[in-house]
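As structure tokens, the structure follows; a few thoughts come after it.
Naming: A, B, ... by sequence-line order, numbering from 1 per chain. Being a predicted model, the structure only gives us computed values, none of them experimental.
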Amino acid sequence: MTGLRYKLPRKSILKRKQLIDALFQSGRSIAAYPLRLVYLPMSYPEDSRFLVTFSVPKKKIKKAVHRNRIKRLMRESFRLQQYDLNLPQKTLLMWIFTGNDVPNYEIIYQKMNLIINEINKKYH
RNA sequence: CGAGUGAGCCAUCUUGUCGCUCCGGUUUUUGCCGGUGAGGAAAGUCCGGACACCACAGAGCAGUAUAGCGGAUAACGUCCGCCCACCGUGAGGUGAGGACUAGUGGCACAGAAACCAGGUACAGUUCGGCUGUAGUGAAAAGGCUAAACUCUAUACGGUGCAAUGCCAAGUAAACCCGCGUUAUCAGGCUUGCUCGGCCGAGCGGGAGGGUAGGCAGCUAAAGAUAAUUGGUAACAAUUAUCUCAGAUAAAUGACAAGACACGACAGAAUCCGGCUUACAGGCUCACUCGAUUU
RNA sequence: GACCCGGUAGCUCAGUAGGUAGAGCAUCUCCCUUUUAAGGAGAGGGUCCUGAGUUCGAGCCUCAGCCGGGUCA
């Protein structure tokens with residue numbers, strides 16, 4: 001795995017509303033509190049193995065500072081683990097935070113690792 | 001030294017590795033190099049502007065806001081100075097601080113009686129329901145109440161960057177019902193109403209279809225810092241230096257090491273000036289009271 | 001982001017010149033009935049979202065905050 005650059009540029013971020021709607025309509029999900037991953041294999045023009053986005057509901061986390069903090073932790077955690085995820089084809093990913101409090105980085109990292117392993121089992 | 005008052009400022013820092021936004025350069029292949037990157041409240045959206053658009057905004061009414069006097073300002077409900085009232089030993093603090101001698105209304109309970117009056121008990125009387133006292137109450141004939149209507153003075157066109165302009169893509173110039181078509185005529189604008197003015201060949205409703213991209217607006221400005229001058233002050237003028245976020249499912253994070261005061265409230269979304277609310281702790285200056293020493 | 005509404009009993013809502021907080025449903029008790037439902041009689045239940053201010057006195061007027069909802073591309 002040497003030589004891999006752990007980057008997460010803008011082109012790998014899911015932005016288009018049409019794709020997000022499709023993801024919610026027919027995507028599957030895996031949960032590991034306080035995280036939930038919604039995913040859907042799909043083809044799209046962007047040159048990236050996946051399109052990913054992170055979401056923290058305002059109903060659960062009231063303060064904008066805390067929502068930003070959680071999204072940053074999730075983004076950082078996914079950035080470092082993106083090559084552990086073995087996907088046979090292009091896939092849409094949405095990470096949703098379902099907890100009620102601000103967690104620390106280690107919990108996010110471990111739970112994300114759990115979900116990623118779960119996905120890999122399904123494809124092998 | 002202790003207690004306190006007022007004004008202003010700061011908001012963990014340093015280094016390394018990996019990563020993100022925007023800008024510039026390099027390179028021609030999505031890399032590399034350099035720079036850049038949240039707040040004093042970015043918040044609440046409570047005021048005031050700038051800016052943009054609306055068949056240029058006219059008159060009257062209504063409505064809303066403000067309320068000692070003077071000044072500052074682009075403007076303000078903000079700020080500064082002075083006067084007055086109240087609070088504090090004091091430094092100081094607080095104040096919607098015009099008018100119930102224009103009119104209308106309200107004053108529960110208690111009380112004989114509560115706002116065109118009327119008249120309880122007792123006493124005194126010049127016998128005139130005249131005077132005093134008692135009693136209820138916030139208030140008893142003289143008042144209180146305008147954060148009651150109202151009056152006076154002043155100000156105010158409406159909508160807001162999801163405004164607005166342009167580009168690209170796509171769809172349905174179709175269907176049903178009603179009204180109207182060269183007119184003292186449907187309907188619309190003038191943003192609550194009336195008058196007046198203007199637009200006008202289509203308009204209103206039902207059911208249904210399509211779009212959810214990009215660029216401009218978008219950050220160099222009532223700008224920041226310093227000095228000097230004018231002014232009691234708010235503030236203004238001049239000179240010098242500097243360029244300081246512009247994202248768009250939305251950029252500031254992770255890890256490691258070190259330091260100490262062991263880190264509060266909290267995240268820009270068109271931009272400024274205020275107000276209000278949240279907030280660990282620290283610093284500076286001026287002043288007051290008390291005690292002690294000399 | 002900008003601009004608007006609302007908060008009163010367990011639920012749905014009334015509440016105007018500021019003066020003792022009400023209705024319907026629900027709950028509980030009793031009556032009626034073989035029993036239940038319906039009907040009748042009665043009872044309990046309130047920080048009027050929170051905190052200040054004006055007033056002799058605020059659900060109501062003023063200011064600040066909290067929570068919930070809506071409109072606009």
Side-chain angles (χ1 to χ4, degrees):
Chain A
M1 281 279 183
T2 50
L4 287 177
R5 305 308 302 261
Y6 293 93
K7 294 199 165 191
L8 198 60
R10 271 288 162 90
K11 64 176 186 181
S12 295
I13 302 292
L14 173 57
K15 297 182 182 185
R16 291 212 297 281
K17 190 176 166 61
Q18 286 177 330
L19 296 180
I20 293 168
D21 286 344
L23 178 58
F24 274 117
Q25 205 154 36
S26 41
R28 293 162 162 274
S29 80
I30 298 173
Y33 187 85
L35 290 179
R36 170 184 291 274
L37 173 67
V38 182
Y39 65 100
L40 178 69
M42 195 180 186
S43 65
Y44 46 82
E46 278 81 358
D47 177 30
S48 176
R49 294 169 55 239
F50 48 78
L51 293 182
V52 66
T53 188
F54 306 89
S55 174
V56 181
K58 200 171 186 177
K59 282 229 171 186
K60 299 257 185 185
I61 308 294
K62 298 287 183 190
K63 307 273 186 194
V65 170
H66 297 157
R67 286 200 299 277
N68 277 344
R69 169 87 184 152
I70 293 166
K71 284 173 81 172
R72 284 166 184 163
L73 290 177
M74 290 199 293
R75 193 182 299 118
E76 178 68 11
S77 180
F78 183 74
R79 180 178 74 82
L80 295 173
Q81 298 186 70
Q82 57 180 304
Y83 294 104
D84 298 341
L85 188 61
N86 290 314
L87 296 169
Q89 57 176 310
K90 291 184 173 181
T91 306
L92 305 178
L93 302 170
M94 175 173 264
W95 293 94
I96 300 168
F97 183 79
T98 54
N100 293 310
D101 300 306
V102 181
N104 60 27
Y105 176 68
E106 284 175 15
I107 289 176
I108 294 274
Y109 189 93
Q110 286 166 9
K111 296 292 182 178
M112 193 173 273
N113 191 262
L114 227 84
I115 293 175
I116 286 172
N117 289 336
E118 194 75 14
I119 286 234
N120 289 340
K121 277 183 204 165
K122 289 201 176 189
Y123 282 118
H124 292 287

**Asked** Taking F50(A) as the fixed residue, which of Y83(A), F78(A), Y44(A) is the one that meets the ring pair (Phe, Tyr, Trp, His ring centres under 6.0 Å) rule?
**Response**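 Only one of Y83(A), F78(A), Y44(A) forms a ring pair (Phe, Tyr, Trp, His ring centres under 6.0 Å) with F50(A), namely F78(A).
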
Paired with [N]: which nucleotide, if any, by Watson-Crick or G-U wobble criteria at under 3.5 Å for both distances?
N: rG202(B); answer: rC179(B)
N: rA67(B); answer: rU152(B)
N: rU101(B); answer: none

Is there a donor-acceptor pair under 3.5 Å between the side chain of [X] and the backbone N or O of [Y]?
X: R49(A); Y: K90(A); answer: no
X: T91(A); Y: L40(A); answer: no
X: Q82(A); Y: K7(A); answer: yes

**Prompt:** Quick one: side chain to side chain donor-acceptor pair (under 3.5 Å) partners of S12(A), sequence neighbours excluded?
**Reply:**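 For S12(A) the side chain to side chain donor-acceptor pair (under 3.5 Å) partners, ignoring immediate neighbours, are S48(A).
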
**side chain to side chain donor-acceptor pair (under 3.5 Å) partners for R36(A), two or more places apart** =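 Per chain and number, R36(A) pairs via side chain to side chain donor-acceptor pair (under 3.5 Å) with S29(A).
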
Is [N] in the syn or the anti form, by the rule that syn lies within 90° of 0?
N: rA55(B); answer: syn
N: rU219(B); answer: syn
N: rC244(B); answer: syn
N: rA162(B); answer: anti
N: rG40(B); answer: syn

In whole angstroms, how far is the [atom2] atom of [N] from the [atom1] atom of [X]?
X: F54(A); N: rU248(B); atom1: CZ; atom2: C1'; value: 18 Å
X: K62(A); N: rC67(C); atom1: NZ; atom2: C1'; value: 9 Å
X: N104(A); N: rG253(B); atom1: CG; atom2: C1'; value: 15 Å
X: Q110(A); N: rC255(B); atom1: CD; atom2: C1'; value: 15 Å
X: M74(A); N: rA251(B); atom1: CE; atom2: P; value: 12 Å

**Complete:** Each nucleotide of nucleotides 17-36 of chain B classed B (base within 4.0 Å of a protein heavy atom), S (only sugar-phosphate) or -, in 5' to 3' order, makes -BSSS----------S----

Which value, in whole Å, describes the distance between the [atom1] atoms of nucleotides [N] and [M]?
N: rG77(B); M: rG68(B); atom1: P; answer: 10 Å
N: rC271(B); M: rA220(B); atom1: C1'; answer: 13 Å
N: rC47(B); M: rA65(B); atom1: P; answer: 10 Å
N: rA147(B); M: rU120(B); atom1: P; answer: 40 Å
N: rC53(B); M: rU191(B); atom1: C1'; answer: 14 Å
N: rA41(C); M: rC48(C); atom1: P; answer: 31 Å
N: rG48(B); M: rA222(B); atom1: C1'; answer: 13 Å
N: rU27(B); M: rU248(B); atom1: C1'; answer: 30 Å

**Request:** Take M74(A) and L35(A) through the side-chain contact (heavy atoms from CB on, under 4.5 Å) test and state the conclusion after the steps.
**Result:** CA-CA 9 Å; M74(A) 290 199 293; L35(A) 290 179; 3.6 Å; yes

Quick test: give all pairs of protein nitrogen or oxygen and nucleotides 210-212 of chain B nitrogen or oxygen below 3.5 Å, distance rounded to 0.1 Å.
none

**Asked** Can you check whether R67(A) has a side-chain N or O nearer than 4.0 Å to OP1 or OP2 of rA250(B)?
**Response**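 The answer is no; no side-chain N or O of R67(A) sits under 4.0 Å from OP1 or OP2.
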
So which protein N/O to nucleotides 264-271 of chain B N/O distances come out below 3.5 Å?
{"from": "rA266(B)", "atom 1": "OP1", "to": "K63(A)", "atom 2": "NZ", "distance (Å)": "2.7"}
{"from": "rG267(B)", "atom 1": "OP2", "to": "A64(A)", "atom 2": "N", "distance (Å)": "3.4"}
{"from": "rG267(B)", "atom 1": "OP2", "to": "V65(A)", "atom 2": "N", "distance (Å)": "3.2"}
{"from": "rG267(B)", "atom 1": "N7", "to": "N68(A)", "atom 2": "ND2", "distance (Å)": "3.3"}
{"from": "rG267(B)", "atom 1": "N7", "to": "R72(A)", "atom 2": "NH1", "distance (Å)": "3.4"}
{"from": "rG267(B)", "atom 1": "O6", "to": "R72(A)", "atom 2": "NH1", "distance (Å)": "3.0"}

**Item:** Over 12 non-hydrogen atoms of neighbours within 6.0 angstrom of CG in N104(A)
**Value:**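 Atom CG in N104(A) is crowded, with more than 12 foreign heavy atoms closer than 6.0 Å.
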
**Prompt:** Counting heavy atoms not belonging to Q89(A), are there more than 12 under 6.0 Å from its CD?
**Reply:**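 Enclosed: over 12 neighbouring heavy atoms sit under 6.0 Å from CD of Q89(A).
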
**hydrophobic_cluster_shared for I70(A) and I107(A), side chain cutoff 4.5 Å** =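 I107(A) and I70(A): separate clusters.
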
**Asked** Roughly how far, to the nearest 0.5 Å, is CG of L85(A) from CG of N113(A)?
**Response**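 CG of L85(A) is found 11.0 Å from CG of N113(A).
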
**Asked** With sugar-phosphate meaning primed atoms plus P, OP1 and OP2, does K71(A) contact a base, only sugar-phosphate, or nothing at under 4.0 Å between heavy atoms?
**Response**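 Touches nothing.
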
**Item:** Single hit among D84(A), N86(A), L37(A) for side-chain contact (heavy atoms from CB on, under 4.5 Å) with I116(A)
**Value:**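 Among D84(A), N86(A), L37(A), the one that satisfies the side-chain contact (heavy atoms from CB on, under 4.5 Å) with I116(A) is D84(A).
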
**Out of rA249(B), rU252(B), rC255(B), whichever nucleotide has its closest atom nearest the side chain of R75(A)** =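 Nucleotide nearest to R75(A)'s side chain: rU252(B).
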
**Prompt:** According to the salt bridge (Lys or Arg N to Asp or Glu O under 4.0 Å) rule, which pairs have a member within residues 71-82 of chain A, sequence neighbours left out?
**Reply:**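 Listed by first then second residue: E76(A)-R79(A).
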
